[in-house]
2 protein chains.
Amino acid sequence: MIKRAKGVTISQVAEAAGVARSSVSRAFTRPDMLSPETVERIMKAAEALGYVPNHTARALSTGRHGNVGLIVPDIANPFFPPMIRAAQLEADRSDFCIFLGNTEENPKQEDKLVGRFAGQVEGLVLASSRLSDERIRAHAGKLPLVLINRDLDGIPRVLIDSGSGVHEAVEHLAKLGHRKIVYVSGPSTSWSNKQRRSAVRAAASSLGIEAETVPAVLPSYNSGRNAVGAILATGATAAIAFDDLTAQGVLAGLAEKHVSVPGDFSLIGCDDVLGAVTYPALTSVSNRSMEAGRVAVSLLLDMLQSRAIRDVRYVLETHLVVRNTTAALR
Amino acid sequence: MIKRAKGVTISQVAEAAGVARSSVSRAFTRPDMLSPETVERIMKAAEALGYVPNHTARALSTGRHGNVGLIVPDIANPFFPPMIRAAQLEADRSDFCIFLGNTEENPKQEDKLVGRFAGQVEGLVLASSRLSDERIRAHAGKLPLVLINRDLDGIPRVLIDSGSGVHEAVEHLAKLGHRKIVYVSGPSTSWSNKQRRSAVRAAASSLGIEAETVPAVLPSYNSGRNAVGAILATGATAAIAFDDLTAQGVLAGLAEKHVSVPGDFSLIGCDDVLGAVTYPALTSVSNRSMEAGRVAVSLLLDMLQSRAIRDVRYVLETHLVVRNTTAALR
DNA sequence: CTGTTAGCGCGTTCAT
DNA sequence: ATGAACGCGCTAACAG
């Protein structure tokens with residue numbers, strides 16, 4: 001059985017230091033308002049008693065809890081960890097803590113988390129939200145909100161424009177001689193998915209080649225693998241997948257059907273999270289999730305400080321990273 | 001500019017419903033203590049005013065904030081996301097929120113985070129802590145603590161016993177005819193690293209083969225890659241790496257030096273996080289980080305409920321997953 | 001069953 | 001420069 005020290009309070013420190021409670025409070029928040037010697041005496045007493053300011057009480061009194069929330073659809077998706085890490089780092093620079101929420105790709109769960117977070121965070125970052133526009137707007141009315149990869153007018157957002165990279169990808173395939181390609185799509189509620197799909201279509205039509213869409217439902221290895229039948233059925237000679245995970249599944253599925261990549265079929269992923277660890281190394285559209293995480297939190301903290309909400313639309317461009325899963329049609 | 005609703009309080013609801021504040025409080029926490037009709041009246045008033053209980057105030061009053069903290073060394077390390085996800089899921093089952101902390105493998109940062117979390121969480125899970133025993137004990141004295149992959153007497157802990165799997169790995173290599181192997185180590189402060197290293201040694205000596213250790217400092221792709229020179233210099237014909245990330249780096253480094261795997265050299269990873277996406281598919285020691293996350297949070301919640309601290313030592317065994325980076329010595 | 005009264009620990013006027 | 005007093009929003013102990 002371990003002894004648990006029960007919180008030493010401001011009053012105990014005050015008594016030990018022979019001053020009023022308010023002085024102790026000041027010693028921690030505005031030391032410049034006290035005489036240096038008083039501050040030192042208080043700090044010494046505090047140290048001796050092992051006093052730690054009570055975050056909760058402070059929050060109740062000031063309304064500022066020094067926390068921000070970050071909600072993502074799936075931590076296990078390699079796209080998010082770097083983003084979370086960067087967000088954390090940025091929050092830490094301002095001594096903010098991060099509440100992490102995982103929605104399991106489920107809008108209901110996301111709503112629930114937002115509700116539970118609201119009230120203990122000063123603001124929220126919603127990454128790749130699966131929520132409806134209405135719900136997001138409703139939440140944004142209640143607390144400062146920054147969106148990642150969701151383009152809603154009037155709400156600060158940082159967007160990873162995979163459109164630019166996808167365009168390069170289609171161009172790349174066209175140059176290699178492919179005349180019919182397929183887009184293996186992701187979650188229908190995903191802004192990125194819509195963006196990539198339309199980028200594929202636009203680029204294809206402007207280059208005069210054919211493009212079809214095949215659904216994969218969830219962004220995962222298995223989804224990609226299961227989509228291979230449909231992909232080959234279209235007669236396409238190349239595919240662009242919603243993300244690297246899906247692409248990896250497609251790669252495996254193709255191997256099972258003895259379709260060689262890039263010999264018989266070219267494949268391009270998105271987000272570039274697996275490039276260095278797959279074989280053959282995956283051609284992919286670069287990912288800027290780290291910057292997105294950093295910028296989103298930075299934006300949020302700005303909002304909190306200025307109490308004003310600017311209509312920011314921060315766009316991060318992407319580009320194609322050519323590796324070994326694409327080749328000329330033979 | 002968006003309008004932000006400022007909190008409606010319990011008193012306003014009380015007034016609107018024509019009851020005392022405490023009744024409103026009860027309506028939300030112990031409805032069974034009020035007459036059904038009173039509850040309904042209160043709820044209606046609350047609904048009308050858009051009342052939402054203030055989590056912070058409640059926490060201050062009750063001492064229970066319904067949050068637990070989870071601190072990991074590096075979110076970007078694929079070992080952790082599944083653990084975090086499982087922890088989150090388990091916490092959610094009891095309506096707890098998770099504070100996530102990333103220490104960047106830095107003990108000072110870890111200490112700082114623990115301090116910042118304490119006071120707004122009811123308990124803490126420290127995964128693969130880089131802290132000294134003393135610091136951990138000190139923290140455990142202040143709030144309920146559960147450790148993952150750290151074996152400290154008297155503090156509840158869940159351990160992933162990679163020893164069992166590593167033993168199988170060495171055995172596997174010995175059977176394939178390897179007489180000298182090397183262990184590519186991880187962070188010196190890591191409990192798992194010590195465990196794996198000594199498991200390699202013990203197994204090797206009991207099987208009568210040689211084992212050397214080569215340092216890699218951090219568990220990362222680059223570390224592994226940089227260690228290849230030292231690995232080959234030992235004259236070993238097989239290696240077991242601290243984790244899959246390191247192994248992946250080693251794989252790349254070997255390829256650069258035209259050492260073919262598994263033809264010329266056998267390689268085994270740990271944690272099995274990359275197995276399905278590398279080529280050749282990596283032989284690795286299974287990982288049970290998901291269970292570890294789930295169990296740790298579950299343990300913590302138990303502690304919180306019973307206010308008693310049991311000396312639990314929950315061990316998860318591992319085993320070898322043979323894939324394609326190991327082969328008989330030729 | 002319901003209202004009254006104290007705090008929870010801290011920040012912040014307002015005096016001194 | 002420092003202290004006294006009030007309030008943040010809510011829960012809990014104590015009446016009735």
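These numbers were taken from a predicted model, which means no experiment stands behind them. Chain letters run A, B, ... following the sequence lines, proteins first, then strands; residues in each count from 1.
For A/His65 and D/dC8, the NE2 to C1' distance is 12 Å, given to the nearest whole Å. Atom CD of A/Gln12 is separated from atom C1' of C/dC8 by 13 Å (rounded to the nearest Å). Note: CG (A/Leu34) to P (D/dT2) measures 6 Å, nearest angstrom. Between A/Glu40 atom CD and D/dT2 atom P there is a gap of 13 Å when expressed in whole angstrom units. For the pair B/Ile42 CD1 and C/dG3 P, the interatomic distance rounds to 8 Å; values are reported in whole Å. Protein atom CG of B/Asn54 is 15 Å distant from nucleotide atom C1' of C/dG9, rounded to whole Å.
Residues B/Arg157 and B/Asp311 are paired through a salt bridge, judged by an N-O separation under 4.0 Å between the basic side chain and the carboxylate. A salt bridge links B/Arg288 to B/Glu291: at least one charged side-chain nitrogen sits closer than 4.0 Å to a carboxylate oxygen. Taking 4.0 Å as the cut-off between side-chain N and carboxylate O, A/Asp92 and B/Lys112 count as a salt-bridged pair. Note on B/Arg137 versus B/Glu134: no salt bridge recorded, every NZ/NE/NH1/NH2 to OD/OE distance being 4.0 Å or above. The pair B/Asp133-B/Arg150 meets the salt-bridge criterion, with a side-chain N (NZ, NE, NH1 or NH2) lying under 4.0 Å from an Asp/Glu carboxylate O.
Comparing the local axis fitted to the first five base pairs of the helix from C/dC1-D/dG16 to C/dT16-D/dA1 with the one fitted to its last five gives a bend of 40°, rounded to 10°.
Residues A/Ser25 and A/Ser22 bring no donor and acceptor atom of their side chains to less than 3.5 Å of each other. Inspection of the A/Asn102 and A/Glu104 side chains reveals an N or O donor paired with an N or O acceptor under 3.5 Å.
Closest approach of A/Ala76 to B/Arg85, counting heavy atoms only: CB-CD, 4.2 Å.
Of the two residues contacting DNA chain C, namely B/Val19 and B/Leu60, the nearest-nucleotide position lying further toward the 5' end is that of B/Val19.
Applying the side-chain hydrogen bond (donor to acceptor under 3.5 Å, both in side chains) test between B/Gln120 and each of A/Thr56, A/Asn54, A/Asn67 identifies A/Asn67 as the sole match.
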Per-nt protein contacts along nucleotides 11-16 of chain C (heavy atom under 4.0 Å; B base, S backbone sugar-phosphate only, - none) come out as BBBB--

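Contact annotation: A/Thr38 reaches the phosphate of D/dT2 (side-chain N/O to OP1 or OP2, under 4.0 Å).
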